[in-house]
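First up is the structure itself, then whatever we jot down about it.
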Amino acid sequence: MSKSQFQGFLNASLKPVRLVAYFLLALLAGNLGALVDFFLHPDIPYFDQEHLIVGSVIFLLTVILCLLLENSLQRTSLPDNNASSSSLGPYVWFIAAFWTIIVIFSLAWNIVRQKQEVLQVALNEARTIYKKDWVYYRWATEHDGVFVPITSQTQPNPYLQENITECEGTTSLGKQLILVNPEYMIRQVYEMQTPLSGIRGHITSLDPIRSENAADEWETNALGKFEEGETEVSSIEEIDGEPYLRLMRPLITENGCLKCHAQQGYEVEDIRGGISVSVPLSLLFSIYKKDVLMLSLAHGTLLCLGLIGIFLGSCRIRQSMQEREQAEAKTRSIIDNMLDGLITVDKTGSIESLNKAACQMFGYESTTMIVGQNIDGLIEFPENTDWNAEKHSDFQSDIQEAMGSQQELTGRRSDGSTFPVQISLSEMVLGANHLIIITVRDITEDKIRKEEALRTGQLAAIGELAAGVAHEINNPINGIINYTQILLDDEEDQEEDNEVHKDIMGRIIKEGERISTIVRNLLSFARQRDEVIEHIHISDIIKDSLSLLMHQLHKDSIQLAVNIPQDLPCLKGNPQQLQQVFVNLLTNACYALNQKFQGKNPDKRLEISSKVVKLEGRDFVRTTVTDWGTGISQDVIDHIFDTLFTTKPPGQGTGLGLNISKGLVRDHNGYLALASAPGEPTIATVDLPAAETSA
């Protein structure tokens, strides 16, 4: 089992487990609010209407997210092509970390803000209580205190009796009353409200008359700050193990206060002390903790949803990138494996891209060597040697005219050599960019095949013409020979012996017969008899070949030596094809001799010899054609049998002769080879298998 198959099997087997996990996760998310209230607020019913509505919405949202997650997992479980899409990972982690930081910052900011709101509520409550107590205090002060009945909680104030004479009284019914000053009244109010609400109050001073009014450490610090000019001091402090918000404001001396406190040296507007209010924070802190828990749950849910969204988005983006990369890779593979070259250029003629075939076609090792260059460095456009800004409009008009059609132009390789190309143009629009796509095909071989076909047709026409001319020549030649023979016979019948006339007529007959032999060989060579296979002698092939070239050999003063034994075994093959081989070898030999020797020279020699050799366990007739011409270098010999390879100047060679000759010899199950060196004789060797039976 392959790795991908195993992953597919594992993914399929875990799918039911994931579905159950999704359902449990959605169920937990839907019941999260109800569970929180169940522990923090047991008085709220578990199946409260608000719980049902909010829980159902969260449940559905969680189910949708889980389905999206499962779909993403199914997509990502497909075989991926890694490619460059894996580079998306760092960006995903960065976005996830950034989102986490934002959520944590938001949670911290909301917690701080919530705490500030709790403290502000407590502070407002303390200020309200202070203002209420201050109003009571001022009312009592403006009325110089109040008279109240004596009770177990309200007893005569000994400190007032020392300073105020009128501190006791009696009602009309004879009920005894005592004077209660503002401080005493406020103190009793605080003592009554503390057990009910937990709120504490205290009137204090750094120089109290009554010891119970002495300031504690916090109040002492606050009174010191009042002396420095502050008008309010508040902070969170712990009293009897519980948190309290303590608030204190200064107590300003008024005229009513001097009755009791004048002896202490106070004057009007002096800071005589302060009123402190302590508000319990336990209830507010419990609400604050609940709010913090709900904020944490909300932000945690938001964090999870955001991370899931980031994950799903990254998976989708990664999948899209992989699909795009696969499409690009497929397109690039198709383009790179095209046999034709493909070049894209912008409207200024600058090359933007090209495929491997174009690189190889123009002789460059890599695309980086061409990209950015101008297209006119590769293709010679008619009447446009440059493709630049100055000629941009002219070239664009040429391009538009050439669009959609095929043009034959000249390509330029990296080494400076040129070759024929066929191009077709099309335009591609990519947003604001307009690219021109040039398809390039090297038509060198096509042109060669056309020329070869044309040459073959010309040779066929020449062959037919030669056959017709030979037929036309043959009849007059036969007439000349016959008429001359008649004259010679008449000359012999006469009694007069004219040896000069006889000799001339004999020469005429001999030359006529030689012309007739040449014409007969030419007719035989021109006939299309590819299908004829017969037993032949190598000597006859050489003789017929030399008869076609003998005049040229005499004209070029080439010394010919032929050494062909008569007892050589017969060959089996097509005589016209073998004659074509030897005519080609002899023609090449004559060309090499004429290149080395311009006129007569005793070393201007050509030798033909044959013998029997053993190859592959059977008899072969080996014929060698040796010339003492210029010789051939090894690098030329390595390519001498290639199609269209020639060292002759234009008009004197097609590069097809030796290639065709090698093919003809191979068709006869033989071998053709060349051996030479510059300045040394060139030896062409033809090995042909001997026939099993002699003709």
Side-chain angles (χ1 to χ4, degrees), residues 517 521 524-525 532-550 552-554 556 558-593 596 602-632 634 636-638 640-641 657-695:
T517 300
N521 289 337
S524 177
F525 183 72
V532 176
I533 301 297
E534 56 189 50
H535 287 82
I536 53 179
H537 289 280
I538 191 65
S539 57
D540 294 335
I541 300 298
I542 299 300
K543 180 179 178 182
D544 292 342
S545 300
L546 289 174
S547 67
L548 296 176
L549 300 173
M550 189 59 69
Q552 189 66 35
L553 293 174
H554 287 309
D556 295 335
I558 296 175
Q559 305 295 322
L560 177 64
V562 180
N563 182 17
I564 301 177
Q566 295 297 321
D567 57 350
L568 292 176
C570 291
L571 307 175
K572 189 175 183 179
N574 186 299
Q576 282 75 29
Q577 292 180 355
L578 293 179
Q579 183 179 348
Q580 182 176 351
V581 171
F582 284 102
V583 166
N584 185 268
L585 294 178
L586 291 170
T587 302
N588 289 341
C590 292
Y591 177 81
L593 289 170
K596 185 175 182 180
D603 293 330
K604 198 173 185 180
R605 296 181 292 130
L606 176 63
E607 181 179 296
I608 304 172
S609 63
S610 298
K611 63 180 179 179
V612 179
V613 296
K614 283 282 187 181
L615 296 175
E616 301 174 354
R618 60 179 296 186
D619 290 340
F620 275 74
V621 176
R622 172 171 291 176
T623 303
T624 59
V625 178
T626 306
D627 68 82
W628 278 259
T630 56
I632 307 173
Q634 186 60 43
V636 174
I637 292 179
D638 292 339
I640 201 163
F641 294 109
L658 288 176
N659 179 267
I660 295 174
S661 298
K662 190 176 183 67
L664 293 176
V665 174
R666 184 173 57 249
D667 292 341
H668 285 77
N669 299 318
Y671 307 97
L672 172 60
L674 278 175
S676 182
E680 300 293 330
T682 300
I683 303 175
T685 303
V686 180
D687 292 328
L688 297 170
E692 296 181 357
T693 58
S694 300

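Values reported hereafter were calculated over all heavy atoms of this structure, with side chains retained and with hydrogens, waters and symmetry mates removed.
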Next item on the list: Check the pair I608 / L546 against side chain to side chain contact (heavy atoms under 4.5 Å, CB included), numbers first and verdict last.
Entry: CA-CA 10 Å; I608 304 172; L546 289 174; 4.0 Å; yes
Note to self: So for atom NZ, which belongs to K572, do other residues, nucleotides or ligands contribute more than 12 heavy atoms lying within a distance under 6.0 Å?
What the structure shows: no
Rounded at 0.5 Å granularity, tell me how far [atom1] in [X] sits from [atom2] in [Y].
{"X": "I683", "Y": "I632", "atom1": "CD1", "atom2": "CD1", "value": "11.0 Å"}
{"X": "D556", "Y": "L606", "atom1": "CG", "atom2": "CG", "value": "11.0 Å"}
{"X": "K604", "Y": "D627", "atom1": "NZ", "atom2": "CG", "value": "11.5 Å"}
{"X": "R666", "Y": "Y671", "atom1": "CZ", "atom2": "OH", "value": "11.5 Å"}
{"X": "R622", "Y": "T685", "atom1": "CZ", "atom2": "OG1", "value": "6.0 Å"}
{"X": "C590", "Y": "L585", "atom1": "SG", "atom2": "CG", "value": "11.0 Å"}

Just so I know, are the side chains of [X] and [Y] near enough to count as touching, which here means a heavy-atom distance under 4.5 Å?
{"X": "T682", "Y": "N588", "result": "no"}
{"X": "F582", "Y": "L549", "result": "no"}
{"X": "L571", "Y": "I541", "result": "no"}
{"X": "L568", "Y": "S539", "result": "no"}
{"X": "H668", "Y": "N574", "result": "yes"}

Please report the shortest heavy-atom distance between [X] and [Y], naming the atom on each side.
{"X": "G629", "Y": "L593", "answer": "N-CD2, 3.6 Å"}
{"X": "P602", "Y": "Q559", "answer": "O-CG, 4.3 Å"}
{"X": "D544", "Y": "Q579", "answer": "O-NE2, 3.7 Å"}
{"X": "D603", "Y": "W628", "answer": "O-CB, 3.9 Å"}
{"X": "A690", "Y": "R618", "answer": "O-NH2, 3.2 Å"}
{"X": "P681", "Y": "T626", "answer": "CB-CG2, 4.1 Å"}

Checklist line | Under 3.5 Å: donor-acceptor pair, side chain of K662, backbone of L672 | finding: yes
Note to self: With side chain to side chain contact (heavy atoms under 4.5 Å, CB included) as the test, pick out the partner of L560 among R605, M550, E607.
What the structure shows: M550
Next item on the list: Let me know which of T587, V581, L586 forms a side chain to side chain contact (heavy atoms under 4.5 Å, CB included) with V583.
Entry: T587
